[in-house]
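Only one structure is covered here, and it is reproduced in the block below.
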Amino acid sequence: MTQDNERTFLLIKPDAVQRGLVGRIIGKIEDKGLKLVALKLVQVTPEQAARQYECHKGRPFYDSLIQFICSSPSVAMVIEGRNAVSICRKIMGATAPDESQPGTIRGDFSLDLKHNLIHGSDSAESFAHEVAVYFTADEILNYHLDLERWIYYS
Ligand code: IDP
Ligand code: MG
């Protein structure tokens, strides 16, 4: 079943901010027809990173991932639209650089498994968990995109 108002959480990671890719990454999301409903530049704290990535605690790459996410500012976003969770995962591309397809964010811009530019929720449950790490309810806006009637026909 499709859900036109599904939400997902995205974090543009420090490598993408440092490389000046923020505009192009947000552009890919907007180009698809998805709607930005929250956006901010954040210096992620170790506590926030640990909450975001608690499912990876104990993995060999966990400590270096937390260190990387906290190493420089990131951009946190909430995106809304039809099947936003799975569509954003597709736009991001696969985690590993030799598996991410050209045309995706990671496929076009990333060569490294850790420095892979962007995080995106992988389910409605992870969205609920992750969005609460970075946003309060009043920071997420409800508004109508006038273009929507040209994006959704059915
Ligand atoms: P995802 O970001 O595509 O959902 P996850 O498996 O959830 O991928 O891993 C979270 C993040 O941890 C990845 O995006 C990547 O930055 C990092 N990561 C995953 N596996 C490794 C690894 O084996 N070495 C180093 N970093 C890793
Ligand atoms: Mg993940």
Side-chain angles (χ1 to χ4, degrees), residues 1-137 139-141:
M1 198 177 114
T2 60
Q3 233 194 308
D4 288 356
N5 61 353
E6 187 174 89
R7 287 178 171 175
T8 192
F9 170 76
L10 301 182
L11 188 78
I12 302 180
K13 295 179 180 180
D15 53 337
V17 176
Q18 287 285 344
R19 289 175 56 193
L21 295 172
V22 171
R24 274 181 280 178
I25 289 174
I26 294 177
K28 279 186 186 280
I29 309 284
E30 292 179 312
D31 286 349
K32 184 72 172 169
L34 293 162
K35 177 166 69 175
L36 269 169
V37 291
L39 176 70
K40 63 177 158 189
L41 188 67
V42 283
Q43 175 57 61
V44 177
T45 65
E47 293 72 26
Q48 285 175 312
R51 280 176 68 197
Q52 178 186 342
Y53 284 118
E54 71 182 24
C55 61
H56 292 311
K57 197 164 169 47
R59 305 279 281 273
F61 60 86
Y62 176 80
D63 288 344
S64 98
L65 174 62
I66 299 299
Q67 202 174 26
F68 164 52
I69 292 297
C70 299
S71 63
S72 186
S74 295
V75 174
M77 298 184 273
V78 182
I79 298 297
E80 186 181 292
R82 184 175 292 172
N83 296 326
V85 169
S86 69
I87 294 285
C88 283
R89 294 286 301 188
K90 288 196 175 80
I91 296 170
M92 286 163 53
T95 314
D98 51 350
E99 288 169 12
S100 50
Q101 297 296 314
T104 65
I105 292 164
R106 289 165 168 174
D108 283 351
F109 300 124
S110 165
L111 279 172
D112 185 73
L113 180 57
K114 180 168 72 171
H115 296 90
N116 62 4
L117 309 170
I118 186 161
H119 165 85
S121 308
D122 62 9
S123 65
E125 293 69 35
S126 13
F127 165 69
H129 173 78
E130 292 161 5
V131 72
V133 175
Y134 293 97
F135 290 100
T136 56
E139 289 176 314
I140 304 170
L141 306 187

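As the structure lists them, so they are numbered: ligands from 1, and atoms in each ligand from 1.
Nearest protein heavy-atom contact of atom 17 (C) of ligand 1 is Leu65 CD1, 3.9 Å. Counting only heavy atoms of the protein, atom 5 (P) of ligand 1 lies nearest to His56 NE2, 3.5 Å. Looking only at protein heavy atoms, the nearest one to atom 23 (O) of ligand 1 is Leu113 CD2, 3.2 Å. Atom 25 (C) of ligand 1 has its closest protein heavy atom at Phe61 CB, 3.5 Å.
The residue among Ile66, Thr95, Asp15, Leu117 with a heavy atom at the shortest distance from atom 1 (P) of ligand 1 is Thr95.
Distance check: Asn116 CG to Asp15 CG gives 7.0 Å after rounding to the nearest 0.5 Å. To the nearest 0.5 angstrom, Lys13 atom NZ is 13.5 Å from Leu21 atom CG.
Counting heavy atoms closer than 4.0 Å to ligand 1, residue His115 contributes nothing at all. Using a 4.0 Å cut-off between heavy atoms, Asn116 contacts ligand 1 through its side chain alone, with no backbone atom that close. Contacts between Arg89 and ligand 1 below 4.0 angstrom, taking non-hydrogen atoms only, involve the side chain exclusively. Counting heavy atoms under 4.0 Å from ligand 1, residue Arg59 does not touch it at all.
Side-chain rings of Tyr53 and Tyr62 stay apart, their centers remaining 6.0 Å or farther from each other.
Residue contacts with ligand 1: Arg106 is included, with a non-hydrogen atom under 4.0 Å away. Residue contacts with ligand 1 do not include Met92, since none of its heavy atoms lies under 4.0 Å from the ligand.
In this structure, a donor-acceptor pair under 3.5 Å is present between the side chains of Ser64 and Lys114. Counted by atom type alone, His129 and Gln52 present zero donor-acceptor pairs between their side chains at under 3.5 Å.
Other residues, nucleotides and ligands place more than 12 heavy atoms under 6.0 Å from the CD atom of Glu139.
The aromatic rings of His119 and Phe9 are tilted relative to each other, their planes meeting at an angle between 30° and 60°.
Exactly one residue among Ile79, Leu34, Val78 makes a side chain to side chain contact (heavy atoms under 4.5 Å, CB included) with Thr8. That residue is Ile79.
The distance criterion of under 3.5 Å between nitrogen or oxygen atoms is not met by Tyr53 with respect to ligand 1.
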